[in-house]
Trainee: 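Handing you a structure now.
Being a predicted model, the structure only gives us computed values, none of them experimental. Atoms within each ligand, like the ligands themselves, are counted from 1 in listed order.
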Amino acid sequence: MRGKHIVIGVTGGIAAYKAVYLVRRLQESGAEVRVTMTEAATRFVGGNTFAALTRHDVPIHIFPENPSGISTNWTQHIHWAEWADMMVIAPCTANSLAKIVHGFSDSMLTTTVLAARCPVLICPTMDGEMYKAPSTRYNLNKAEDLGYHLLTPDHGYLASGMKGVGRLPEIDVIIDRMIQILEVAPSKRSSIEKISPTLREVLSDKKILVTCGPTREYLDPVRFLSNPSTGKMGMAMAAAAAAHGAEVTLLHSDSVSTTALAPSIRKLAFTTTEDLFRQVKSHADSDIIVMTAAVSDFRPVETHTHKVKKDKADLNIALERNPDILKWLGEHRRSGQVLIGFAMETSDLLKQAREKRVRKGADWIVANDLGSEGSGFAFDTNKVLLVGSHSENHFEGTKYDVSSNILHHIFVP
Ligand code: C5P
């Protein structure tokens, strides 16, 4: 969290006092925090508490008035929305959730959310029956559709004295989720809109299969052949496709944590290439397939069921070739299907990508330049060449923005 700009929005629920601890903990982890609250929240915690902790104004109304009655700060919501790397609404009442989802801008909090370019994490916190109410379910689904991140509330004792779902999760859980979101999502919305209506129209009835992360080919139960892929690019592709309304299935390496991704994305884990191949085949009827997984080209001929003792090990490992999944998809594609492959190269990027596209029968190859700073394995940013049959384009930025740009270029040319 070091150096991150966080805006916390506090709404009027009993858990508002926990936001005080959230502010403190974020500050301890190096973040710069500002707080905006709703009028109702001030019934639970005084604005002065947050002002003292953050050493900053705690805006409530859009038109704050100075003593002479003239508003001086009426564009503050825009400045805060620009300033923030992330907004967290904790606690978020059913009322504030409804307002956010429907684009209300009747307080500094809702207006700042509307103007935000950064990821927004909503922590719904309310009575269990209110959480289950059809209108709240509708608003939660809608919030997710609109690209907001949601943290599921905890089960336990509620302010009513009854037990149920609706408690604000522990501070650690909120911060963990924030860290995960910041790893995957864009730090700032860049040149592209958060949600593009046109791309949404194209993707909203599409099934997309995305694969991500490294395969592992086990020599014995504790040793394997693999690669440094972190799955970030594939997760960003899945997040961008889901944010634009696609029905996304993500096949991810079991070494990759996907908890930062929206619950609407179906997530299935794989270990080996064979395992991945089997799962890809069972989703081979998808409208779009994005093969971001870093697949191991070889696997050991033999996998020992017990750990091989150091002194008994054969120092030569016999390998065999793994199936080329993308090539198989290229040979078995159904009509109208769009196949997108990835390539990592250290030299002759363009030439290799062009050849790979034809050799594998893919429509598009996204080529990563491994030699370039801020690009490739583990980075949150990427620099890629998108190679199609008639176009070659360069994109760079956060992996999320690169993903959105790729989807725009392919589907809304
Ligand atoms: O041949 P190369 O590994 O460079 O190709 C990379 C692309 O092919 C990626 O999209 C990757 O997911 C896919 N691939 C595959 N099966 C393999 C190797 C790579 O589907 N065995």
Trainee: At a 4.0 Å threshold, what atoms of ligand 1 neighbour a non-hydrogen atom of Met291?
Mentor: 9 (C), 10 (O), 11 (C), 12 (O), 20 (O)

Trainee: Within this structure, what is the CG-NE2 distance for the pair Leu250 and His283, rounded to the nearest 0.5 Å?
Mentor: 10.5 Å

Trainee: Please confirm whether Ala294 comes under 4.0 Å of ligand 1, counting heavy atoms of the residue only.
Mentor: no

Trainee: Between atom CZ of Phe298 and atom CD of Glu320, what is the distance when rounded to the nearest 0.5 Å?
Mentor: 11.5 Å

Trainee: Return the closest protein heavy atom for atom 9 (C) of ligand 1 as residue, atom name and distance.
Mentor: Phe342 O, 3.0 Å

Trainee: Rounded to the nearest 0.5 Å, what separation is found between the CG atom of Asp172 and the CZ atom of Arg177?
Mentor: 15.0 Å

Trainee: Given side chains that start at C-beta, do those of His56 and Glu32 come closer than 4.5 Å, heavy atoms only?
Mentor: no

Trainee: Among protein heavy atoms, which lies nearest atom 16 (N) of ligand 1, and at what distance?
Mentor: Ile325 N, 3.0 Å

Trainee: Out of curiosity, is Lys360 lining ligand 1, as in a heavy atom under 4.0 Å away?
Mentor: yes

Trainee: With a 4.5 Å cut-off on side-chain heavy atoms, are Val45 and Val10 touching?
Mentor: no

Trainee: Looking only at protein heavy atoms, identify the closest one to atom 20 (O) of ligand 1 and say how far it is in Å.
Mentor: Leu326 N, 2.8 Å

Trainee: May I ask you to decide whether Arg278 forms a salt bridge with Glu274, counting only side-chain N to carboxylate O separations under 4.0 Å?
Mentor: no

Trainee: Between Asp287 and Arg334, does any NZ, NE, NH1 or NH2 come within less than 4.0 Å of an OD or OE carboxylate oxygen?
Mentor: yes

Trainee: To the closest 0.5 Å, what do you measure between CG (Asn95) and OG1 (Thr38)?
Mentor: 8.0 Å

Trainee: Look at atom 12 (O) of ligand 1 and say which protein heavy atom is nearest, naming residue and atom and giving the distance to 0.1 Å.
Mentor: Ala293 O, 2.7 Å

Trainee: Which of the atoms of ligand 1 are close to Pro323, meaning less than 4.0 Å from one of its heavy atoms?
Mentor: 16 (N), 17 (C), 21 (N)

Trainee: Below a 4.0 angstrom heavy-atom separation, can you tell me which part of Asp297, side chain or backbone, both or neither, approaches ligand 1?
Mentor: side chain

Trainee: Tell me, which protein residue and heavy-atom name are nearest atom 4 (O) of ligand 1, and how many Å apart are they?
Mentor: Lys356 NZ, 2.3 Å

Trainee: What atoms of ligand 1 come closer than 4.0 angstrom to any heavy atom of Gly341?
Mentor: 10 (O)

Trainee: Between Met344 and ligand 1, which residue portion shows a heavy-atom distance shorter than 4.0 Å: side chain, backbone, both, or neither?
Mentor: neither

Trainee: Is the distance from the ring center of His332 to that of Trp328 below 6.0 Å?
Mentor: yes

Trainee: Below 4.0 Å from any atom of ligand 1, is there a heavy atom belonging to Asp324?
Mentor: yes

